Participant: 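Attaching a single structure in structure tokens format; questions to follow.
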Amino acid sequence: MRTTVPVLLVALLTSAVTASAQTIDAGRGELPLRVPADYSEDTPTPLVVSLHGYGSSGAGQASYMKFGELVDSHGFLLVYPDGTKQSTGENPQFWNASEACCNFAGSTIDDSAYVLSIITTVAAEYNVDPKRIYLFGHSNGGFMAYRMACDRADKVTAIASLAGATFLDDSKCKPSQAVNVLQIHGTLDPLVGYKGGNFFGKPFPGAEESVAKWRKLNDCDGTATKQGKVSYDYKVFGNETSRTLWQDCKQGVEVGLWKMSYSTHVPVFTGAFQKDVVAYLLARTRQ
């Protein structure tokens, strides 16, 4: 079941309908769904699922990333789901993504199945383009995006991980087909280190190692394309982010690294960042 709350803008005696806020239930309660104003059930529409970090929430991720502001202009469906509350401490919300992050209380929750349920639930109610399903994740959400690329490559067209990491153990990631992967990481991240690290003795790979693992999984030929530096972090002077792309990979996929020099775990983004991430994802299509 879903409810619709249309949002109207009235100015200078003319009105324009913007993205509507609706809800879906994928098995753990209602989730907000943003639908573009020009959505038509006759037109396949891209879907973006944006995953929050450890201790945050879907609402927190929505406020931080602000992808909702781009739903109309870029024409995609958008969901910000909530993870599960940890059973210990202050009960922070988390995703059971990998051995390292961030199931610290030993939960048996299957978040891979839940995120898949979100995708299939939206697709059952809306005309989702099966060739254009994307995941974005921050921190623990980035780990979870990688988990879905490993587990459900048949569904996920592309992922973008901000300050996350893939599995360190290669045996844990056996994607059924190639997946577009973008890793975004600050070099001064004190929590999820750019060069890797561990949580409670459980290690995770760094940004460049995560990219290298997916270049191998996607059978990329090793040729890198530099896309030039840009400014994504208000707190860092100048064009701090260098962007590298490996394009010659199997099934036409790409692997990318956006290295944010001197940026930390929670960058203060310029408006260009959100636009570029969304544009990057939406440009990837499953062959």
Side-chain angles (χ1 to χ4, degrees), residues 28 31-32 34 48-68 78-105 107 109-112 114-115 118 134-151 156 158-168 181-200 202-207 210 232-235 241 257-260 263-270 273-274 277-278 281:
R28 297 186 191 171
L31 298 174
R34 296 295 301 275
V48 175
V49 180
S50 185
L51 305 170
H52 64 76
Y54 180 78
S56 186
S57 64
Q61 179 80 339
S63 178
Y64 178 44
M65 294 311 308
K66 296 180 171 56
F67 288 157
L78 174 64
V79 185
Y80 284 106
D82 287 310
T84 306
K85 289 186 176 181
Q86 186 173 293
S87 61
T88 59
E90 298 181 354
N91 309 118
Q93 291 189 133
F94 72 97
W95 300 105
N96 185 8
S98 72
E99 293 93 338
C101 183
C102 288
N103 181 16
F104 301 136
S107 171
I109 197 75
D110 187 347
D111 280 325
S112 182
Y114 178 57
V115 176
I118 292 170
Y134 312 103
L135 295 177
F136 175 91
H138 176 220
S139 191
N140 182 200
F143 282 82
M144 191 65 221
Y146 272 117
R147 174 67 180 268
M148 291 303 294
C150 294
D151 290 357
V156 178
I159 70 161
S161 162
L162 168 64
T166 193
F167 286 95
L168 183 64
V181 168
L182 173 63
Q183 177 66 27
I184 309 161
H185 217 125
T187 60
L188 297 184
D189 189 330
L191 297 178
V192 182
Y194 182 84
K195 294 185 177 180
N198 72 85
F199 293 128
F200 305 104
K202 297 180 178 180
F204 56 84
S210 292
Y232 286 150
D233 190 341
Y234 275 121
K235 288 188 173 182
T241 300
L257 173 63
W258 292 0
K259 180 180 180 180
M260 302 182 71
S263 192
T264 60
H265 190 65
V266 185
V268 178
F269 291 118
T270 66
F273 176 81
Q274 288 87 343
V277 168
V278 168
L281 291 173

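Keep in mind that this is a model prediction, so the values were computed, not measured. Side chains included, hydrogens not; waters and symmetry mates left out as well; all remaining heavy atoms used.
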Participant: Testing the 3.5 Å rule here: is there a donor-acceptor pair between the side chains of S210 and Q183?
Facilitator: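 No pair is found: no donor N or O on one side chain lies under 3.5 Å from an acceptor on the other.
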Participant: Hey, which of L135, I159, L51 is the one that makes side chain to side chain contact (heavy atoms under 4.5 Å, CB included) with M144?
Facilitator: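 Per the side chain to side chain contact (heavy atoms under 4.5 Å, CB included) rule, the option paired with M144 is L51, out of L135, I159, L51.
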Participant: If only atom types and distance count, is the side chain of Q274 paired as donor or acceptor with the main-chain N or O of M65 below 3.5 Å?
Facilitator: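 Indeed, once roles are kept as given, a pair shorter than 3.5 Å links the two residues.
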Participant: Only counting residues at least two apart or in another chain, list the ones meeting disulfide bond (SG atoms under 2.5 Å apart) with C150.
Facilitator: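 With sequence neighbours excluded, C150 shows a disulfide bond (SG atoms under 2.5 Å apart) to C173, given in chain and number order.
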Participant: Residues two or more places apart in sequence or in another chain: which of them pass side chain to side chain donor-acceptor pair (under 3.5 Å) with Y64?
Facilitator: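 In terms of side chain to side chain donor-acceptor pair (under 3.5 Å), with neighbours along the sequence ignored, Y64 is linked to no residue.
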Participant: Any sub-3.5 Å donor-acceptor pair from D189's side-chain atoms to Y194's backbone N or O?
Facilitator: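 Here the side-chain-to-backbone pair does not exist.
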Participant: Residues in salt bridge (charged side-chain N to carboxylate O under 4.0 Å, His left out) with D151, at least two apart?
Facilitator: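 Checked D151 against salt bridge (charged side-chain N to carboxylate O under 4.0 Å, His left out); matches are R147.
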Participant: Any side-chain donor paired with an acceptor under 3.5 Å for N96 and S107?
Facilitator: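 Short answer, no.
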Participant: Which is it for F67 and V277 under the side chain to side chain contact (heavy atoms under 4.5 Å, CB included) test, yes or no, and what are the steps along the way?
Facilitator: CA-CA 9 Å; F67 288 157; V277 168; 4.1 Å; yes
Participant: Any side-chain donor-acceptor pair under 3.5 Å between Q86 and Y54?
Facilitator: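 Short answer, yes.
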Participant: Just by distance, do the side chain of K66 and the backbone of S63 share a donor-acceptor pair under 3.5 Å?
Facilitator: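 Judged by distance alone, yes, a pair lies under 3.5 Å.
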Participant: For F104 and F200: C-alpha separation, side-chain torsions, deciding distance, then whether ring-ring contact (aromatic ring centres under 6.0 Å, His included) applies.
Facilitator: CA-CA 9 Å; F104 301 136; F200 305 104; 5.1 Å; yes
Participant: Mark yes or no for whether H138, through its side chain, and H265, through its backbone, hold a donor-acceptor pair below 3.5 Å.
Facilitator: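 Judged by distance alone, yes, a pair lies under 3.5 Å.
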Participant: Ring-plane angle category for W95 and H52, please: parallel below 30°, perpendicular beyond 60°, tilted otherwise.
Facilitator: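 Tilted: the ring planes of W95 and H52 meet at 30° to 60°.
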Participant: Check the pair T84 / D111 against side chain to side chain contact (heavy atoms under 4.5 Å, CB included), numbers first and verdict last.
Facilitator: CA-CA 9 Å; T84 306; D111 280 325; 4.1 Å; yes
